[in-house]
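Excluded from the calculations below are hydrogen atoms, water molecules and symmetry mates; all remaining heavy atoms, backbone and side chain alike, are included.
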Amino acid sequence: MEEVEVVVAHHERATLRVGDVFLKIDADQMRTDVEVEAMAMAPIPTPEVLWRKPPVLALAALPGTALGRLGEPSIASSAAWAAAGAAARMLHDAPLPPWPGRSLDELASHLDGECEWLVTSGVLPTDVVTRNRRVAEAALRPWTPVFTHGDLQLTHVFVDVDEITGVIDWSEACQGDALFDLATLTLGHEEHLGHVVAGYGTDVDLDVIRAWWSLRSLLAIRWLVEHGFDPSSPGCEVDVLRSRL
């Protein structure tokens with residue numbers, strides 16, 4: 001009998017693995033709608049949808065292993081990281097999905113609220129928040145929308161040797177800033193940014209990517225804390241913010 005592995009679980013969603021099948025249970029079926037449609041549109045490998053019976057989505061497991069994990073050294077090769085950059089470029093060159101992302105005003109307002117919470121709650125020192133808030137400003141500029149994954153963290157990119165075998169978790173896919181995807185992919189792994197950019201194949205503004213590292217981390221901490229994750233683990237979001245000092 002196959003064992004049931006809990007991959008991730010919190011009050012919004014849960015993912016279970018049974019053998020070579022992943023079962024995703026989401027309280028918000030709109031997220032699942034986006035995930036299924038985005039995978040069908042994406043020009044890069046994605047998991048096969050086996051069946052869907054709301055609130056459960058069944059997906060086939062991808063071959064290979066994740067590119068790495070936040071807070072841990074990646075054992076993936078430089079070529080694998082470059083392949084991830086090339087896959088991101090292929091996605092960004094594809095036709096736009098129908099879902100708009102957050103506006104600049106929405107992002108700025110959200111950032112203000114999260115920074116205030118981080119200071120008043122005492123989760124981070126004021127100087128860390130203030131410095132990173134200034135760094136994050138560089139990301140809050142107009143951009144040309146592209147097809148973004150929306151949560152292209154390295155655990156969502158699977159590789160086998162130097163080849164990308166697929167990308168998972170598409171529920172945040174939308175029209176967005178290409179550099180946000182590249183920043184999400186390299187968050188906490190700055191040493192691989194050059195490999196990703198080389199694979200991406202075009203000039204990018206590295207200061208904006210660094211700004212997105214700060215912005216994403218500032219926005220993520222409260223959600224992580226409230227959902228039982230620890231953003232202060234070595235190499236994770238708090239360390240990313242402290243490294244900007």
| Do the non-hydrogen side-chain atoms of P43 and L91 ever get within less than 4.5 Å of each other? | yes

| request: Run the numbers on V34 and W99 for side-chain contact (heavy atoms from CB on, under 4.5 Å), then give the verdict. | output: CA-CA 8 Å; V34 169; W99 320 285; 4.0 Å; yes

| Charged N to carboxylate O under 4.0 angstrom, R210 versus D207? | yes

| query | Same cluster for L16 and V36 if Ile/Leu/Val/Met/Phe/Trp/Tyr side chains link at under 4.5 Å? | reply | no

| query | Quick check: are there more than 12 heavy atoms from other residues, nucleotides or ligands sitting under 6.0 Å from CZ of R133? | reply | yes

| remark: Between A58 and V21 the two heavy atoms that sit nearest each other are CB-CG1, 4.2 Å

| Spatial distance of atom CG (L111) from atom CG (L104) [nearest 0.5 Å] | 12.0 Å

| Value rounded to 0.5 Å, distance of OG1 in T15 from CD in E5 | 10.5 Å

| Check: S217 and N132 side chains under 4.5 Å, non-hydrogen atoms | no

| task | Answer whether the closest heavy-atom distance between the side chains of R216 and D151 falls below 4.5 Å. | result | yes

| query | Can you find a heavy atom in the side chain of S233 that is under 4.5 Å from one in the side chain of D230? | reply | yes

| query | Are D105 and R102 close enough for a salt bridge, meaning some N to O gap below 4.0 Å? | reply | no

| note | Closest non-hydrogen atoms of D28 and M30, given as atom of the first, atom of the second and distance, are OD1-N, 2.9 Å

| Same apolar cluster (I L V M F W Y, side chains within < 4.5 Å links), V197/L152 | yes

| Got a sec: does the CD of E163 have more than 12 other heavy atoms crowding it under 6.0 Å? | no

| task | Please report the shortest heavy-atom distance between A84 and V157, naming the atom on each side. | result | CB-CG1, 4.3 Å

| field | Intermediate values then yes/no, side-chain contact (heavy atoms from CB on, under 4.5 Å), L59 and L50 | value | CA-CA 5 Å; L59 301 171; L50 299 176; 5.9 Å; no

| Just wondering, more than 12 heavy atoms not from E116 lying within 6.0 Å of its CD? | no

| So, E106 side chain and S103 main chain: donor-acceptor pair closer than 3.5 Å or not? | yes

| Have T148 and D181 got a donor and an acceptor in their side chains that come within less than 3.5 Å? | no

| field | Test: E35 and R31 ion pair at under 4.0 Å | value | no

| task | For the residue pair T186 and W213, confirm or rule out a side-chain donor-acceptor distance under 3.5 Å. | result | yes

| field | V159 and T165, any side-chain heavy atoms less than 4.5 Å apart | value | no

| remark: Value for CD (E191) from CG (L193), rounded to nearest 0.5 Å, stands at 9.5 Å

| request: Check the hydrophobic clustering (I, L, V, M, F, W, Y; side-chain heavy atoms under 4.5 Å; chains of links allowed) and say if F229 and L154 are grouped together. | output: no

| task | Kindly give the heavy-atom pair with the smallest separation between L70 and G235, and that separation in Å. | result | CD1-O, 3.6 Å

| field | Separation of H149 NE2 from I44 CD1 (nearest 0.5 Å) | value | 7.5 Å

| Is the closest basic N to carboxylate O distance between R13 and D169 below 4.0 Å? | no

| Hey, what's the ring geometry for H10 with W223, parallel, tilted or perpendicular (30° and 60° as the breaks)? | perpendicular

| Are L182 and Y200 side-chain neighbours, meaning at least one heavy-atom pair lies under 4.5 Å? | yes

| R222 and L118: side-chain contact (heavy atoms from CB on, under 4.5 Å), yes or no, with the steps? | CA-CA 8 Å; R222 176 163 29 177; L118 288 167; 5.8 Å; no

| field | side chain to side chain donor-acceptor pair (under 3.5 Å) assessment of S74 paired with W81 | value | CA-CA 10 Å; S74 171; W81 281 89; 3.2 Å; yes

| field | W117 reachable from L107 in the ILVMFWY side-chain graph, under 4.5 Å edges | value | yes

| said: Tell me whether E237 contacts the main-chain N or O of L218 through its side chain, where contact means a donor paired with an acceptor under 3.5 Å. | reply: no

| task | Indicate the ring-plane relationship of H11 and H227, choosing parallel, tilted or perpendicular according to the 30° and 60° boundaries. | result | parallel

| field | Shortest non-hydrogen separation from L241 to S214 and the atoms involved | value | CD2-O, 3.7 Å

| field | Nearest-0.5 Å distance, NE2 of residue H189 to CZ of residue R69 | value | 10.5 Å

| field | M41 side chain reached by P98 side chain, heavy atoms, under 4.5 Å | value | yes

| Got a salt bridge between D93 and R89, using NZ or NE/NH1/NH2 to carboxylate O under 4.0 Å? | yes

| query | Do R52 and Q29 meet the criterion of a side-chain donor-acceptor pair at a distance under 3.5 Å? | reply | yes

| query | What distance separates I168 CD1 from L62 CG, expressed to the nearest 0.5 Å? | reply | 7.0 Å

| Should we say atom CE of M90 is surrounded by more than 12 heavy atoms from elsewhere, each under 6.0 Å from it? | no

| message | Please find the pair of heavy atoms, one from I221 and one from P231, that lie closest to each other, and give the distance. | response | CG2-CG, 3.9 Å

| message | Assigning hydrophobic clusters by single linkage (Ile, Leu, Val, Met, Phe, Trp, Tyr; side-chain heavy-atom cutoff under 4.5 Å), is V208 placed with V146? | response | no

| query | Does the side-chain contact (heavy atoms from CB on, under 4.5 Å) test come out yes or no for W170 and T46, once each step is laid out? | reply | CA-CA 9 Å; W170 290 81; T46 63; 3.6 Å; yes

| F22 vs V7 side-chain heavy atoms within contact, under 4.5 Å | yes

| field | Greater than 12 external heavy atoms within 6.0 Å of D203's CG | value | no

| query | Do you see a donor-acceptor pair shorter than 3.5 Å between the side chains of H192 and H195? | reply | yes

| task | Decide yes or no on salt bridge (Lys or Arg N to Asp or Glu O under 4.0 Å) for D177 and R141, but give the supporting numbers first. | result | CA-CA 10 Å; D177 180 12; R141 86 283 176 229; 2.6 Å; yes

